[in-house]
Number of protein chains: 2
Amino acid sequence: MTKIVECVPNYSISGNPAAMEQITLPFQTTKGVHLVNVEGDTSYNRTVVTVIGEPQAVKAAMVESAKIAVECIDMRKHHGEHKRMGAIDVVPFIPIQDMTVEEAVALSEECAKELHEATDIPVFLYSLSAKREQCASLPDIRKGEFEGMAEKLKDPYWKPDFGTAVHPTAGVTAVGCRPLLIAFNIDLNTDNRKIAAAIARMVRYSGGGYRCIQAGPVTLEDKGIVQVTMNVTDFTKTSVYRAFEAVKMEAKRYDVKVIGSEFIGLVSVDCLKDIAAYYLHVASKAEVTLNLEELVAYVSEQLKLHDFDASKVIEYHVH
Amino acid sequence: MTKIVECVPNYSISGNPAAMEQITLPFQTTKGVHLVNVEGDTSYNRTVVTVIGEPQAVKAAMVESAKIAVECIDMRKHHGEHKRMGAIDVVPFIPIQDMTVEEAVALSEECAKELHEATDIPVFLYSLSAKREQCASLPDIRKGEFEGMAEKLKDPYWKPDFGTAVHPTAGVTAVGCRPLLIAFNIDLNTDNRKIAAAIARMVRYSGGGYRCIQAGPVTLEDKGIVQVTMNVTDFTKTSVYRAFEAVKMEAKRYDVKVIGSEFIGLVSVDCLKDIAAYYLHVASKAEVTLNLEELVAYVSEQLKLHDFDASKVIEYHVH
């Protein structure tokens, strides 16, 4: 199998198609790299780009893109609702296929070094790539935002892993390996938000639930139902079928049924195989032999998924 | 309702009924205190005493018991398989009824201070009573054991909360508030230990499972089956019905069924009401109106419990 990495850089810009075309050009022209998605949010004034491909090619294209972004974005003029500390705010690398976490961490370190050398932006290694405890959490690094970074970086505790002084127009960047985050919502046959909130509390880690589940309630006014909305922060530890089965189990207390579910954003073949393995009664995903189309159909049926097809699977975009 | 606290002191002694009679005498003679259980283990050379009752009375009896234990136990002559650092090795306080964690922490602090003043044994506040991060985990405090404590306590990092020097014959004691630990085993209709191990991995925290579940496999040679053996370290966060339902759910993958379960040691009314509330389809334990006998019968039926009766419920022993 080919090694595949996903990279999801967040740029502090939106509503500027010409600039985004420039910034994403390396992802469109570098061999072995596939541009999957570009999603801007104007109230956030932020654009999230999803790229996958061969690790070294993705890294090289990412560094090229950063060089262009530094020219296009001036943080001194940036306003937006989302917290941010730099033009290339964060660059997460996610191992997708035939790649260990250690390999993805090493790739992120190379990227951080090269990105710093090419742009003079100071870089923090964060999440699984963090070298120091205080750098594991992105919100902790980002606290103070662009405007507060010059002061913050004077403290040796907040010395970046590469570089020292804040870039005058591009701020600071965080680069790191993190697990693939699965955003997963479950529909209940009730409009009682309190029930969704109670179930969310029971399945999420903070309420004594599963280790890698974050969850909350959401009301879908148009459908007249509520959802339990979840992030599965590491499906290799807490597989998604457990999130689904746990919500079904907790819903019984309220005589409520699960009537559907949906993935928001992309999932991976491994994530789907993990789910399929449970319902197929086999011990591990290695024993799941379904092809992509079959896998999508089978998991859709088991989880009552709507709005799901092969194009929502990361690996689909490699071909 | 009356405030009830449980206290489970561990003494570094066993196989000496006369000494244990002395050491437990304050629990037998103090008004408002009930001696529930005395269980010695000769290979551990350790005796675990379970006491419940009115908080101030339990604390006073505990200090009296410690004064006697210091006279009876000489750690310089103590050998046993269980790690230990003192004659009164650890004194956990567990809030059982109408008592907050804060109140139990305050009680443990009073006990630690009075125990030190009465015996000259240095005391660490541990678990939920810990004042410093390094004191939260009992195994961390205990590392080095009795023989290594004199050296260990020279390091200011390991300064006890009360006292300074190791007691020459009684060592060091840890006192603190901790949640009630529920030991719960689930029987599977298979003798395949690998299946119990795989299920244990999926339900326990370290494998991505529930926050407050520790689990492993065990083989019951006499019955020809395996069990998933679990500690629910805080049932107020991870209720026991979730442990049961999660094991049932994971077992389906292997076409295995849950055929029974058992509690090891004591449970509390609150723990049982939490379980009953789920199966009764009510939102919380406050809505469960069953009396003790009814509660025991109902939960036994739902969890297929064996070897369980009212005498295994802590509050039963108050009357």
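Note that these values count all heavy atoms, side chains included, but never hydrogens, waters or copies made by symmetry. This structure is a prediction, so every number in the text was calculated from the model and none was measured. In what follows, chains carry the letters A, B, and so on, assigned in the order in which the sequence lines appear, proteins first and then strands, with residues in each chain numbered from 1.
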If I measure from the heavy atoms of chain A, does B/Lys252 come under 4.5 Å with its side chain, its backbone, both, or neither?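 Backbone plus side chain of B/Lys252, per the 4.5 Å heavy-atom cut-off to chain A.
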
- request: Could you grab the distance from atom CZ of A/Arg242 to atom CD of B/Glu250, nearest 0.5 Å is fine?
  value: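 CD of B/Glu250 is found 5.0 Å from CZ of A/Arg242.
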
Looking at B/Cys212, B/Gly209, B/Gly207, which one has more heavy-atom pairs under 4.5 Å with chain A than the rest?
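Counting heavy-atom pairs under 4.5 Å, the top option is B/Gly209.
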
May I ask you to check whether over 12 heavy atoms, not counting those of B/Lys159, lie within 6.0 Å of atom NZ?
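Enclosed: over 12 neighbouring heavy atoms sit under 6.0 Å from NZ of B/Lys159.
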
Practice task
Please report the closest heavy-atom contact between A/Gly208 and B/Tyr210, naming both atoms and the distance.
Solution key: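 Smallest heavy-atom distance, with atoms named: O-CD2, 3.4 Å.
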
Considering heavy atoms only, which positions within [range] lie below 4.5 Å of chain B?
range	value
residues 275-288 of chain A	A/Ala277, A/Tyr278, A/His281, A/Val282, A/Ala283, A/Ser284
residues 223-231 of chain A	none
residues 182-206 of chain A	A/Met202, A/Tyr205, A/Ser206

- Task: Could you list the residues that satisfy ring pair (Phe, Tyr, Trp, His ring centres under 6.0 Å) with B/Tyr298, not counting sequence neighbours?
- Result: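 Checked B/Tyr298 against ring pair (Phe, Tyr, Trp, His ring centres under 6.0 Å); zero matches.
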
